[in-house]
Each structure stands twice: as structure tokens, then as C-alpha cells.
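In the text below, chain A, chain B and the rest are named by the order of the sequence lines, each starting its count at 1.
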Amino acid sequence: MLKIAIEKIDELFALVAQNQALYIPSDNKDGAAEYTRWSEGVKYSNALNTLRSAKDFFFPQTEDLVDFKMSGKNIEIIDIRKETEDFVIFGVRACDAKSFFILDNVYLSEPVDSYYKNRREHATVITMACSKPSETCFCSAFGIDATQPGGDVECASDGTSFFFEAKTEKGKAFIDSVSSLLSDGDTAELDNAKAKTKEILAKLPLAELSTESFGADKLTELFNSDKWAGLSESCLACGTCTFVCPTCQCYDIKDFDTGHGIKRYRCWDSCMYSDFTKMAHGNPRLTQLERFRQRFMHKLVYYPANYDGVFGCVGCGRCLAKCPISMNIVKVMKALEVK
Amino acid sequence: MQVNENKDFEPVIVAFCCNWCSYAGADLSGTNRLNYPANVKIIRVPCSCRVNPMFILRAFQKGADGVILCGCHPGDCHYTSGNYYARRRMTLLFSMLDFLGIERDRTRVEWVSAAEGAKFAATMNEFVESVKKLGPNRRLEDLRCRKQ
Amino acid sequence: MQKAIIERAKQLLADGTVTRVIGWKKGDFAYDSTPAVFNSAEELDKDFIFDDFTASNVSKYLIKESQKEGKVLVFLKPCDTYSFNQLVKEHRINRENVYIVGIECYGKLDIEKIRAKGISGIQSVTNNDGTLTIETLYGTETMPAYEVMAERCLSCKSKKYVAYDELIGDDGEVMDSNRFDMVAQLEAMSSEERYNFWREQLSKCIRCNACRNVCPACSCERCVFDNDNSGIANKAPADSFEENMFHIIRAFHVAGRCTDCGECSRVCPQSIPLHLLNRKFIKDINELYGEYQAGADTDSRAPLTNYTQGDCEPSVVHERGVE
Amino acid sequence: MNNDTLIPHLGVVTDIRIDTPDVKTFRVVSPEGGKVFEHMPGQCAMLSIPGVGEAMFSITSSPTNKEFMEFSIKKCGCLTSWLHMMEVGQQVTIRGPYGNAFPVETELKGKDLLFIAGGIGLAPLRSVINYVRDNRANYGSVQIVYGSRSKDDLVDYQEIINEWMNDDGIEVNLTIDNPQEGWDGHVGFVPNYVKELEPSTSKTVLICGPPIMIKFTLAGLKEIGFQETQVYTTMELRMKCGVGKCGRCNIGDKYVCKHGPVFRFDQLNELPNEY
């Protein structure tokens, strides 16, 4: 397999960045990893995962949709879309890589969301196999192998080198473009490292989490469960879980009056918010119980019902780490599980 | 301090004026034919304490380069104590804006009575000059509202 | 400590003083507790937890709980009692329906600080007289507890209980804390440095509203930022201006009412030091209008609903600190 | 780049009819004349005034109308109040059509139809009624039961008395909630009126109106002997995108904007009761 020594990775970054924007996880001042546009001096982070998920690349927090100019009774509609330039994301973990497909199901199904598609088509995703999973990881519950993250190019480290393997045509093109820096390498150490990681994955505290009690056919019984009241009672109704989630895909469309025109933009929205479903005449989800239930039912029942049984969660563990009151999908699943 | 970006820069100033004193003061400066720059936009409010901190921020968002609040002199409030409350609020707000690195000369409170037409015009001229020196508002600007 | 708390809760449930208990429920890991209502001795035995990580200030839950029938037992740390008092002062909590047991606090640990040390795969955390032993999937780590103590606890303002029905342990004193040091440091910077500092911090904001929703002072039925008619309702900061506005206005709305409990900074998923904005207001209020601690009592007038004829003019801003 | 459904088309309001004190019907055509797009009865469109808001409205005109689309809109919120203030000639933005339609070309074909509407609930049904009238040979008998608070609150009253009532094979039963001067028709609530009328249980029912009316009418229909599989309704929840992506209009796993808004009651009953 083709490889590059870890200490030489900056050379590869420099080569890639000559032609396209390159984003890599890098530690910020608080010691947390964030995707950062590579330039001389930006260092690749060894952190397990980034604070915010990689969905931002394809589904950013806010994005302008269309502009309007108003004059008297007339409206001018201005299409502001532009072709995105090619870019590369390096170091995407298996969970985030899977989340792209969960978003694809929604945004690339008819009618295709051209804003999303534009960015998705111009991106090359280079994944990175996990070697040090955390206690909050539970991707295996959703059939994800953290040592085989997929993407256009799959990358893994044996501690001294990064190994590259193309998974798609786009990936092949990427490897060709950097082949001058790569050399053939023996994968014995890599296989060893992966085997070790798998051992740890099996020992993780959430390794036993099961999805068997969930899915499209459990809709009515799960919806009517009496556990929701207790689970949702301390929920603050903030959007932290939604906004750090790599698979949450709901959005709001809003207009902003700039004083010389109207900008219509969309931004992330959360089903945890009280005005998410509020209409002039009332609200079908009146209390936090219904809103809380919606979020987890969507991930565990509604999404699989619409997309061939695929769950709308990838087990990245961000909500476990970030919820202000430590209520999360794992606790919900454990509480609702039928043993 | 910011360097003047453009020599011909004419700052947009929003002046919140209380109905009972400062607005009448502005009126008087007009009837006395005292000059103050045309780009001072006056917004009449029932009392200086009607001005919510949000009004100040929104004025900056929508393109103001400086915001000034004018009310009755302390002790003269039509509603007895409104301007005392406004005074505390604005002190804290301006201090916070300063804390966030927004130039302190972009905000100001001045007490102008109905008889002080001359003071109103002088205050505005002075304020416009000081904002002019700062250049356009960039630190508390909404880029979407910038005129291309 | 946990044992004593559970025992006392069980007694109070048994003798009918209270009908339910607000506390912290055990999580899946060594550090993740969830505020919860306990209805029986069995539930308390099974899930109640009180340790170095049970940091949430549960006083805000009393807004809802104290409106229900029957008395609710709540365990409050000294700093939580200030939030409680402030809510009582604002008529948000029905004091009659609450039974407070004050519990000692030696400072809480911050899991984010542990993670920032590169520690991952945490299986257990034990605290032996100030030394932490952290068992992880990748080996054992030890460190002094103060290294990973929550920022707000390192500058604890008071160990005194300002509202309680009984105490487990002894009452403490208001402390001479160094909590305004960072604000003073910022004030000493140039305007441009301050601007850059805050731009870097506030640009991280994802507008998840966690700071607002956890804040005991943010108890409005409907927030101005959720009200479509306010013209500023938004789900995301679409521009750097909106990042600034949200945090300025939020800090302003709690100015004079914020007890400096530090929950905003604790819950921020992006680690923005939001408490500095609140502390700036507290520091200004103290300096300009006299010392005031929100929540210290239930009857004094708050600084922003009060005035004196001799108050300083807003131009005082020009005379202070660094331009 | 391909068209995106989130980028709207332009429409011009060419006529505004005052139906009731709080309902107006707006005629919308494309600036070049003609309809902005084709639709089927029951489908909806997103109307918007940029800077004011965007919302989903059912298209009340029939697709057999080749010149224009109509929207009957009740004044109840921010956008609708704005729409009620506008004048003829105002441009609006419009996108659609969204959602499914009443199965006029499949299950409803050849059937005797019973339309039950309350208040503004006539809007989506009017599209079907006029479609049926224009393709009269394809359907059996038509009975319309329509009720409102008062005579002044009957939407499309002129069309009802001047056109529908004069058609052969269409029976129109109107009712108002309380007696009123100048009204010699039936007085009473819709659910009771339907029971009094004892419609034949061989009919297929299309119902739309306030939730409380639907609830009681459905119960009444079941009492008479109707099956849930015979009854269709149309739903509305808050929507932003109109194409099942923004994530808010779902009832269980079904998105009202995409899988709906038309549901048969047996389908609706399989979904959680959250609407």
C-alpha cells in the first residue's frame, strides 16, 4: 500500500494546497480540534475528532439562498449560486464519513438540493482510521468499522506512516496527484495497529449498545412509551445536541432586510426549539416532551422508515460530550430498549 | 484608532431624541436656522429611557456610524425619572461596547433641553466630527447591510 | 457526602416534609450526571449521585417544580443558593413549596479540562484528598485535582448559603475572590486587542442557546431572540454582528440579576468565556453604583431598576481604562 | 446550474376577491401571462413576499383552469395580513407544486363523491369540485356539505349559488352555525347536518375544515356506516422547504409536504397522534 512518513505529512499538505483548498483538523487555542484551512504552520491534530462535525462543509450553519430586490410592487429574483471550487477534507473519521451518506439521502434525493450537491461534488473526502477511540464512541452500534472509514481515500496510520488507499475514482485522482511523495510500504505494522484498535473498540463501555429495539416497525410502541416524560424532564431545550450532530439536517429559511434588498438564507434549526413547529393557530408539539421525542424518534424510527432501515445516528459521541445536562441518545436508547 | 478610510466620508448618525426636551431642542435649532449635518437621522422616542440597548445595536447594524441619545437634563424628565434609568443603562451598555473593542467615540449621551437649540446643533456638529475621525463603522457592522 | 445526602432525602421523604427530590442522576460514565426528579427512596438509592462532577445548578428547575403541588426537596451548593434567591426575588419560584438543604462544595471538576490534557477513554475518576486517579482504556493518569478544577470554582465568590432550610456541613463565608482579574486584564488591553479577543471568541458561537437556556436569570417565558416580531429572532448568527448582538443583549438582560454562577461558560460547547461579559457588568456596577451581589438577598433594588441623582454620566466610559 | 426548488418563480396578482371579512381570494399568473406551473387538485404552493415571509397555501383553483391559479387565504398571521393589504398588480414569489393530490384520476374516478367542508376548509376542496365539474363524465353524483360561522363567512358564496347549485347532478347543502337575518337555509354545525342528511355509504368522502369539525364529522360518518378507507382529508403543518428536507412538518415518518397533504383516514390512523 502507498504510504508517507508521518513527519512528512506537511509536504503532502503543501502539495495538495497548491491546487485546492485543503482542510485538516487542527488544535485551536482551547486544545480542541477544528477543521482549519491548511497553510504553512497549521499542524495536523491527533485528537480523536473535531469539536464541530464535518457536516459543516456540505451543510453550513448559514448559507444564502437567493436575493430579492424590491421596488414598488415589483420583485426581482436574483440567483446568487456559484459553482464551488474543488476542495479536500483530510482526516475525516469513520462516523463523520458515514454521516455524509445520511445527509445525501435527504439532500440528494429528488428534488435535489443544488446547494448541497454543489459542495458535495467538489469535495474529496480523505478519511482517517481511528486508533484511540474514546469512551463516548459507539459507532459500532450502527455498523461502522472505525478502522475502515471509507471516503474517497481511506487513510490509516501505524504510528510511523500514513497509508493511503483510494476508494473511488476521485480518490484515485487524488493519490495520482500526490504519488510523487508516496512510496510502497509494508502493511504488517498497520494490520497490527488495526487489530489493536479493534480490541479496544470491543472493550468500549458502549460497545454492547444494541439497535434491535429500534427501527420503522417499532413506531407506535416507541412513540407511546411512558419513558419520554422522565427522559425529557430536565432537557433545557437548547440546540447543542442538534448543532454538534453530524446527521441533524433540519433547517429554517429566513429573510433578512439589508436595507437595499432582501437576502433569503437558510440556517440550522433544531426540533428542540419551541418555535420549530409553531404556526399562527397553534403548535402540534406543545411541550418539551414532544420536541425531545421528535429528535430521537427521527434518528431511531422515522429516518430508518424513510431510508431503508438506516439509522440517523453514527455514534460519534459529540452529543454525549456536549449536552449541558448529559442527556443523550445513548441514555434514550438504554431507557427504551426492550430486553 | 482607525485611520480615516475616505476623506469624503460622511458618517451616518442616528440620534434618538426624547419627545419632550431634545426633540423640541432639535426643532428649535431648525427654526433658528442653525446648521448641523443632514446625515444626522433623528428618531423621536417618548422618553430617553424608551431606548432599548437593542435600538442602539440595530442602528449600527443598519448602517449607522455613530449613535447618540439625547434626553431631558437629569431632574427634568417629563416622567420624573426616565432619564435616570436611561443614564445607568447607557453607561453600562457603552462600557460593554468599549469592552468588546468598539470605538468609544461612536456612542454618546447628551442632555438637551427644549430651549437648547444651539446646544443641539453644536453637539451634533461635534459628534459628527468625532465620528468622522473614526471612519466608517467596521467593528459593529453587519456586512450584509453594507452598500456595494 | 453522597451517602449523607441520600439518607437525609430519604428521611424527608419518609416524614412527609417533601414529596419529591431534585438532584443528580448517575450517568453512563464517571462524569456525566443529569438533573432529575426523584420520587422514592428506591430511586434515590439506585441513581442519586453527588460527586466532583455534579456541577449543574438545579435552581432553575424550581421555577417549574415549585408551581406543582407538594413540597420539593432541593440540594443547593452555596453558589446555587444565590441563583435561587434571585429567582425568589423575581417571583419566579414559590418559596413555600421548596425545602432547601445546603450542601458543601469544594469546587467541581471540569471534564473538558481533563480531555484537553489529551486524556481519552476514561473509565473511572477517583479523588483521594485532592489527587485524581483517572483509569482509562489507555492506562492510568494521576494529577492534582486543582489542575482540572472548573474555572468558575477557581475563583469561587462565596461559600456562604444565602437561602436554606437546613445545612449538611457548616456555613461558610463570602470569599475575597480574584474573579475580576481577567476582566481587568482585558480592560488594560487596547481597544483593538479587546476587539480581536472577542471576535475570536464570539465567532465560535453556534447559537445553540445553551448559555441562555441554562441561565437561571434567563427565565423569560418567551425570549426576545425567539420572538419573530422582535426582528432579531434568528437560529444562527448569520453575520459577525449577530454574534456580537446576541451576547451583548443577553448579558445586558441579565445585568444586575446575574449572580455569576458560571453556568453559561460551563455549558458552552464551544468553550467561549461568556462569564467574562457578565462579570464586566458586575464589575462596572460595583465600581459605579456601589457593591452589589445579585441573589445575596431577596428585597434590595437591583442596580438597573434603581438610580441616584448623582450617578455618573455615560461619558465616564471615556475616562476609564484604556482607549 | 440546475434550477433549485428553493428559488421561487415570480407571480403577479391580477385579481383580489373579498370572500368574507377575513378571507380573500388572490388570482396569480406569471408575469408573461398564463399559469406559473401546472398542478393537480389538492396540491399546494409556497407563496412569499420577500422580507415578510413564506408559507404554504393550497391551490384553490382547478387545474382545468388554464389561465390562472387562485389562492383563498384567511388572515391569521404575519404574511397573510400582508397579503390582505396588498393591491392588484403586486408581484409575489411562488414555488411548487408541492405534495400529493386527491386521487382524482385513480381511486375517485367513477365514484359518487361527498365533499364536507367547514370555513376556509373549502379552499382545497374547491379545486377538486371544479375539476370534477369540468370532467363530469368521469364521476358519479356530487354532494357538497359546506358550513360556516355565518352567511358572511361562506367562502366562494357567489360561485356556489351561481354555478355549483345550477349544475345537474350536484347537490349543495349549506349551513351556518347560528340563525341570521336573510338566511333561510339550514342552521347548525356541520357534523350534525351530515348525520341529518344521511348520505349513502357508497360515497367517497373528501373532508376539510377545523380539526374539531373533522373529528366529530368523522365519528358521525362512522356511525352511519362509512369506513375510514372511504374518507380523505388534507393536512397542514408548519413548513419551510416544501420538499421533505427541512424536517418540521412530519407526523411520524410522513412529511405532510411530501407524502401529504392528502391522507386517507386509515393511513392517518397509523401515524402518531401529533397534529
- Task: Name the member of G230(A), G31(A), C267(A) that forms the most heavy-atom pairs with chain C at distances under 4.5 Å.
- Result: C267(A)
- Task: Check the surroundings of atom NZ in K334(A): do more than 12 heavy atoms from other residues, nucleotides or ligands lie under 6.0 Å from it?
- Result: yes
- Considering all heavy atoms of both residues, which atom of P269(C) and which atom of K322(A) are nearest to each other, and what is their separation? O-NZ, 3.4 Å
- Tell me, out of C241(A), C137(A), A237(A), who's got the most heavy-atom pairs with chain C below 4.5 Å. A237(A)
- Are side-chain heavy atoms of R212(C) and C238(A) found at a separation under 4.5 Å? no
- Query: Under a 4.5 Å cut-off applied to non-hydrogen side-chain atoms, are N234(C) and F256(A) in contact?
  - Reply: no
- Message: With a 4.5 angstrom heavy-atom cut-off, is it the side chain or the backbone of V37(C) that approaches chain A, or both, or neither?
- Response: both
- Region of S234(A) that comes under 4.5 Å of a non-hydrogen atom in chain C: both
- Spatial distance of atom CZ (R207(C)) from atom CZ (F243(A)) [nearest 0.5 Å]: 9.5 Å
- Going through the distances and angles, do K29(A) and E200(C) end up as a salt bridge (Lys or Arg N to Asp or Glu O under 4.0 Å)? CA-CA 10 Å; K29(A) 279 185 189 162; E200(C) 188 186 330; 3.0 Å; yes
- Mind ranking Y138(C), W24(C), Y61(C) by heavy-atom pairs under 4.5 Å with chain A and telling me who comes out on top? Y138(C)
- Query: Side-chain contact, heavy-atom cut-off 4.5 Å: Q123(C) with K203(A)?
  - Reply: no
- Tell me, side chain or backbone of A321(A) under 4.5 Å from chain C's heavy atoms, or both, or neither? both
- Task: Would you give the length of the straight line joining atom CG of D28(C) to atom OG1 of T136(A), rounded to the nearest 0.5 angstrom?
- Result: 11.0 Å
- Under 4.5 Å to a heavy atom of chain C? For E63(A) that would be neither
- Item | Straight-line distance of C218(C) SG to L236(A) CG, nearest 0.5 Å | 12.0 Å
- Item | Proximity breakdown for R115(C) and chain A, heavy-atom pairs closer than 4.5 Å | side chain
- Just wondering, are more than 12 heavy atoms of other shown residues or ligands nearer than 6.0 Å to NZ in K64(C)? no
- Portion of P205(A) that has a non-hydrogen atom of chain C nearer than 4.5 angstrom: side chain
- Query: With respect to chain A, which residue among V267(C), L137(C), I122(C), D228(C) yields the maximal number of heavy-atom pairs within a distance under 4.5 Å?
  - Reply: I122(C)
- Go through the atoms of K254(A) and report whether side chain, backbone, both or neither lie under 4.5 Å from a heavy atom of chain C. side chain
- Task: Check whether any side-chain heavy atom of K235(C) sits under 4.5 Å from a side-chain heavy atom of D275(A), and report yes or no.
- Result: yes
- Applying salt bridge (charged side-chain N to carboxylate O under 4.0 Å, His left out), which residue pairs with at least one partner in residues 231-244 of chain A are found, sequence neighbours left out? none
- Query: Short question: side chain of S326(A), backbone of T34(C) - any donor-acceptor pair under 3.5 Å?
  - Reply: no
- Note on the structure: Whatever's closer than 4.5 Å to a heavy atom in chain C on D30(A) counts as both
- Sequence neighbours excluded, every pair satisfying salt bridge (charged side-chain N to carboxylate O under 4.0 Å, His left out) that has a member inside residues 35-44 of chain C: none
- What part of T136(C) gets closer than 4.5 Å to chain A, counting heavy atoms only: side chain, backbone, both or neither? neither
- Taking every non-hydrogen atom, the tightest pair across L206(A) and F29(C): CD1-CZ, 3.8 Å
- Task: Just give me the residue among N46(A), D257(A), T240(A), N28(A) that pairs up with chain C most often, heavy atom to heavy atom, under 4.5 Å.
- Result: T240(A)
- Interface moiety of A32(A) toward chain C, non-hydrogen atoms closer than 4.5 Å: neither
- Message: Distance check, rounded to the nearest 0.5 Å: C205(C) atom SG versus Q61(A) atom CD?
- Response: 7.5 Å
- Task: Pick one of side chain, backbone, both or neither for Y251(A), based on which atoms fall under 4.5 Å of a heavy atom in chain C.
- Result: neither
- Note on the structure: Okay, L48(A) and chain C: the region with an atom under 4.5 Å from a heavy atom over there is neither
- Task: Give, as side chain, backbone, both or neither, the part of K204(C) having an atom under 4.5 angstrom from any heavy atom of chain A.
- Result: both
- Message: Using 0.5 Å steps for rounding, measure from the CG atom of N213(C) to the CD atom of Q288(A).
- Response: 8.5 Å
- Query: I325(A), D64(A), L51(A): which one forms the most heavy-atom pairs within less than 4.5 Å of chain C?
  - Reply: I325(A)
- Message: Counting only non-hydrogen atoms closer than 4.5 Å, does E112(C) touch chain A with its backbone (N, CA, C, O), its side chain (CB onward), both, or neither?
- Response: side chain
- Message: Working to the nearest 0.5 angstrom, can you tell me the gap between E242(C) CD and T62(A) OG1?
- Response: 9.0 Å
- Item | chain C contact via T242(A) - which portion, at a heavy-atom distance below 4.5 Å | neither
